[in-house]
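Contents: one structure, followed by commentary.
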Amino acid sequence: MKVLTKIFLVVSLAIGMIFMSIYQPEYFCGLEYDVRVINGFTNNSSLPLVIWCSSDSDDLGGRALQEGDDFSWRLQINFWCSNHFWCTMKWDAMRRKFDAFKAPRDLQRCSPFRMCSWLVREDGFYFSNDEVNWKKDFSWL
């Protein structure tokens with residue numbers, strides 16, 4: 001009887017994981033996501049937007065982005081679904097640190113294309129998961 005119970009549990013777990021990966025892939029850890037930060041300023045050709053991004057395990061480095069330039073990377077969700085990347089943005093005298101990707105927040109929000117895009121403008125930071133529809137998430141201050 002104990003052997004049948006163990007077999008039933010293993011089969012149930014396997015079916016559950018298959019269901020989750022097919023019907024709700026945004027909840028399945030191990031998938032890859034693309035993160036992109038775009039300089040959406042309209043008049044900063046003489047003063048670039050400076051960006052520096054990192055996580056607990058990766059330092060992606062810094063870039064100076066001119067108008068329309070972007071900084072992007074691909075990440076794979078870890079086993080615990082706890083990936084966290086943050087970026088520090090600097091433009092003129094303004095500086096702002098923000099979470100570019102935080103797994104608990106973004107696994108579903110960045111679906112269905114597994115794309116998390118940020119458009120940084122003079123008035124704030126805009127988020128999109130398709131780079132067509134942008135929603136302001138927060139301001140510089």
Residues clustering with W80 (ILVMFWY side chains joined when closer than 4.5 Å, directly or via others) | F79

Quick one: name the residues clustered hydrophobically with W134, using the 4.5 Å side-chain heavy-atom rule over I, L, V, M, F, W, Y, and just say none if it's on its own.
-> I38, L119, Y126

Taking C-beta and beyond as the side chain, do [X] and [Y] meet within less than 4.5 Å on heavy atoms?
X	Y	answer
Y33	D106	no
D34	R114	no
V120	W140	yes
W52	C87	no

Side chain to side chain donor-acceptor pair (under 3.5 Å) against D137, all qualifying residues, sequence neighbours excluded = R109

Under the side chain to side chain donor-acceptor pair (under 3.5 Å) rule, collect the residues that match up with S54, sequence neighbours excluded.
->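 Expected list: W86.
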
If only atom types and distance count, is the side chain of D59 paired as donor or acceptor with the main-chain N or O of G61 below 3.5 Å?
->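 At least one qualifying donor-acceptor pair exists.
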
Without swapping roles, check the side chain of Q76 against the backbone of G30 for a donor-acceptor pair under 3.5 Å.
->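 Yes; at least one donor-acceptor contact below 3.5 Å.
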
Nearest 0.5 Å, please: how far is [atom2] in [Y] from [atom1] in [X]?
X	Y	atom1	atom2	answer
I51	D69	CD1	CG	11.0 Å
D70	R63	CG	CZ	10.0 Å
I77	N83	CD1	CG	4.5 Å
E131	F113	CD	CZ	11.0 Å
N129	S111	CG	OG	8.0 Å
F85	S55	CZ	OG	4.0 Å

Between [X] and [Y], what is the shortest heavy-atom contact and its length?
X	Y	result
C81	P104	O-CD, 4.1 Å
D130	M115	CA-CE, 4.4 Å
D123	K136	O-NZ, 2.9 Å
N39	L65	ND2-O, 2.8 Å
L47	W91	O-NE1, 3.6 Å

For residues 94-101, dump all side-chain donor-acceptor pairs below 3.5 Å to protein atoms at least two apart in sequence or in another chain.
| residue | atom | partner | partner atom | Å |
| --- | --- | --- | --- | --- |
| R96 | NH1 | S139 | O | 2.5 |
| D99 | OD1 | H84 | NE2 | 2.6 |

Same cluster or not: [X] versus [Y], using hydrophobic residues (I, L, V, M, F, W, Y) connected whenever any side-chain heavy atoms lie under 4.5 Å apart?
X	Y	value
W73	W118	yes
F127	V37	yes
V35	L31	yes

Verdict with supporting geometry, T42 and E67, side-chain hydrogen bond (donor to acceptor under 3.5 Å, both in side chains) = CA-CA 7 Å; T42 56; E67 292 175 29; over 6 Å; no

For residues 111-141, the disulfide (SG to SG under 2.5 Å) pairs (sequence neighbours left out) are C110-C116

